[in-house]
**Student:** 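Dumping the structure here so I can ask a few things about it.
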Amino acid sequence: MPKAKGKSRRQKYSYNLNRKRLYRSARRRAAPRIACSHIRHAWDPTKSVAQNLAEMGLAEDPNKAVPIPKNKMLGMEVESSGWEQGKKIVRKPYVVNEMEYEASLPEKKSNTLSRDLIDYVQYMIQNHGENYKEMARDEKNYYQDTPKQIKRKINVYKNFYPEEYKDFIALLKQEKMDVQ
């Protein structure tokens, strides 16, 4: 069966189409994507980005907010009162306060190890103690880790779960005493 005639033909470029205007209008319609929930709730869609940020007490351009003087030398301080001249009224100070409070909270540790790695390390310590060469030759060493790699995994386990490691070692010592 023959091909359709127009399908394999090359598309013609339209020289009369103004692509800049199309791109600009598409960008203008798109709303800004705001990641911070505090800013998102205080945002007024009828105002510009600069006006919204100024009302919240945030800087649109950090280079203009805290300028670096060009005539500043390495040992000399330059007196400039440019920051005080451009002060604006902050109508929504709660946004900055909430962001500062959120930033001051301590970060929660999210470091965890997989259950398989924990079981592997405990098995190796239980059967071989501190002998890393024996651990490397063990049949459960499926990934053929070297003694240094096994030692590194054990140290990671010690650092992530110090209390659990101490309890595990105490349990091993107790079992050893019970056997003797």
**Student:** Please report the shortest heavy-atom distance between Thr146 and Ala136, naming the atom on each side.
**Tutor:**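 Distance-wise, the nearest heavy atoms are C-CB, 4.4 Å.
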**Student:** My understanding is that a hydrophobic cluster links ILVMFWY residues whose side chain heavy atoms are under 4.5 Å apart, including indirect links. Using that, what else belongs to the cluster containing Tyr101?
**Tutor:**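 So far as hydrophobic clustering goes, Tyr101 is joined with Leu105.
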**Student:** Going by side chain to side chain donor-acceptor pair (under 3.5 Å), name the residues that satisfy it together with His128, two or more places apart in sequence or in a different chain.
**Tutor:**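 His128: side chain to side chain donor-acceptor pair (under 3.5 Å) contacts with Glu134, Asp138.
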**Student:** Tell me every residue that passes side chain to side chain donor-acceptor pair (under 3.5 Å) with Glu98, counting only those two or more places apart in sequence or in another chain.
**Tutor:**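 Only His38 meet the side chain to side chain donor-acceptor pair (under 3.5 Å) criterion with Glu98.
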**Student:** Under the salt bridge (charged side-chain N to carboxylate O under 4.0 Å, His left out) test, which residues partner Arg137, sequence neighbours left out?
**Tutor:**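 Expected list: none.
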**Student:** Please report the closest heavy-atom contact between Ala42 and Lys92, naming both atoms and the distance.
**Tutor:**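 Distance-wise, the nearest heavy atoms are O-NZ, 2.6 Å.
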**Student:** Got a sec, which pairs hit salt bridge (Lys or Arg N to Asp or Glu O under 4.0 Å) with one end in residues 121-130, sequence neighbours left out?
**Tutor:**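 Qualifying pairs, neighbours excluded: none.
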**Student:** If I take atom CD1 from residue Ile39 and atom CG from residue Asn52, how far apart are they, to the nearest 0.5 angstrom?
**Tutor:**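 The CD1 atom of Ile39 sits 10.0 Å away from the CG atom of Asn52.
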**Student:** Using the test side chain to side chain contact (heavy atoms under 4.5 Å, CB included), find all partners of Asp167 that sit at least two apart in sequence or belong to another chain.
**Tutor:**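 In terms of side chain to side chain contact (heavy atoms under 4.5 Å, CB included), with neighbours along the sequence ignored, Asp167 is linked to no residue.
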**Student:** By side chain to side chain donor-acceptor pair (under 3.5 Å), which residues pair with Ser104, not counting sequence neighbours?
**Tutor:**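 For Ser104 there are no side chain to side chain donor-acceptor pair (under 3.5 Å) partners, ignoring immediate neighbours.
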**Student:** Would you mind listing the cluster partners of Tyr15? Hydrophobic ones only (ILVMFWY), side-chain contacts under 4.5 Å, chaining allowed.
**Tutor:**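 The other cluster members (ILVMFWY side chains, heavy atoms under 4.5 Å, direct or chained) are Tyr13.
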**Student:** Establish, from distance only, whether the side-chain atoms of Asn16 and Ser14 form a donor-acceptor pair under 3.5 Å.
**Tutor:**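 No, because no side-chain N or O of Asn16 sits under 3.5 Å from a partner of the opposite role on Ser14.
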**Student:** Could I get the full list of side chain to side chain donor-acceptor pair (under 3.5 Å) partners for Arg40, not counting sequence neighbours?
**Tutor:**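 Listed in chain order: nothing, the list is empty.
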**Student:** Got a sec, which residues hit side chain to side chain contact (heavy atoms under 4.5 Å, CB included) with Glu139, two or more places apart in sequence or on another chain?
**Tutor:**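 Checked Glu139 against side chain to side chain contact (heavy atoms under 4.5 Å, CB included); zero matches.
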**Student:** For Met124, what are the other residues in its hydrophobic cluster, where any two members join if their side-chain heavy atoms are less than 4.5 angstrom apart?
**Tutor:**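 Once heavy-atom contacts under 4.5 Å are chained together, Met124 belongs with Leu113, Leu117, Ile118, Tyr120, Val121, Tyr123, Ile125, Tyr132, Met135, Ile150, Ile154, Val156, Tyr157, Phe160, Tyr161, Tyr165, Phe168, Ile169, Leu172.
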**Student:** With sequence neighbours excluded, give me every salt bridge (Lys or Arg N to Asp or Glu O under 4.0 Å) pair touching residues 147-159.
**Tutor:**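 Only Asp145-Lys153 qualify under salt bridge (Lys or Arg N to Asp or Glu O under 4.0 Å).
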